[in-house]
Amino acid sequence: MAYWLLKTEPSDFSFDDLVKAKRAVWDGVANNTALIHIRRVKKGDLAIIYHTGDEKAAVGIAEVVTDAYPDPRAADSKVVVFDLKPKQRLAKPVTLKQIKADPLFAEWELVRISRLSVMPVPTAIWKRINQLSED
DNA sequence: GCCAACGTTGGC
DNA sequence: GCCAACGTTGGC
């Protein structure tokens, strides 16, 4: 079981939208590095949903409900997607500011590669984010 | 195959 | 609104 972080622009698709929809296909990713990560996504994995733009904060946890599969709506077979459902909202959002302030996160892609929209989350980072959301 | 020009993302 | 950090495209 692996952990992921998924970025989304909330005015486009937010964690609330996922809660309302109850289930969604995570599509629209074109970046090759992000697609390489998506290919490793498995049913049962958990994902942090992170809002970009004005919010810049982790807001909720989602559960992956399918393995990665080729996007049936994409012409390019390299494009892969997966389905997920909402699991829980974080008690409090964890902001990018908080993440940048903590040295534990310094080497993480979220801080180092701002454009990357899908990335793995090491267990230590997963735990710390959950901790920060409860403080 | 290289690289300049351009486009995109996301933070500031 | 700007810019850094990429990725992509197209000419050579």
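Not measured: the values here are computed from a predicted model. Proteins come first, then strands; the chains are lettered A, B, ... in the order of their sequence lines, and each starts at number 1.
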| message | So, using side-chain contact (heavy atoms from CB on, under 4.5 Å) as the criterion, who are the partners of A:Asn32 when residues are at least two apart? | response | A:Ile36, A:Lys78

| Sequence-distant partners of A:Ala30, side-chain contact (heavy atoms from CB on, under 4.5 Å), two or more places apart | none

| query | What does A:Leu96 touch in the nucleic acid at a heavy-atom separation under 4.0 angstrom: a base, only the sugar-phosphate, or nothing? | reply | sugar-phosphate

| field | chain A contact limits on DNA chain C, taken 5' to 3' with a cut-off of 4.0 angstrom to heavy atoms | value | C:dA5 to C:dG7

| task | Look at all strands and tell whether A:Lys100 reaches a base, only sugar-phosphate, or nothing, counting heavy atoms closer than 4.0 Å. | result | sugar-phosphate

| note | Contacts satisfying side chain to side chain donor-acceptor pair (under 3.5 Å) that involve residues 58-74 of chain A (not counting sequence neighbours) are A:Tyr69-A:Asp83

Let me check something: any side-chain donor-acceptor pairs from residues 44-51 of chain A under 3.5 Å, sequence neighbours excluded? List them with distances.
residue	atom	partner	partner atom	Å
A:Asp45	OD1	A:Ala2	N	2.9
A:Asp45	OD2	A:Trp4	NE1	2.9
A:Asp45	OD2	A:Lys42	N	2.9
A:His51	ND1	A:Glu55	OE1	2.9
A:His51	ND1	A:Glu55	OE2	3.4
A:His51	NE2	A:Phe15	N	3.0

| Applying side chain to side chain donor-acceptor pair (under 3.5 Å), which residue pairs with at least one partner in residues 102-119 of chain A are found, sequence neighbours left out? | A:Asp102-A:Arg128

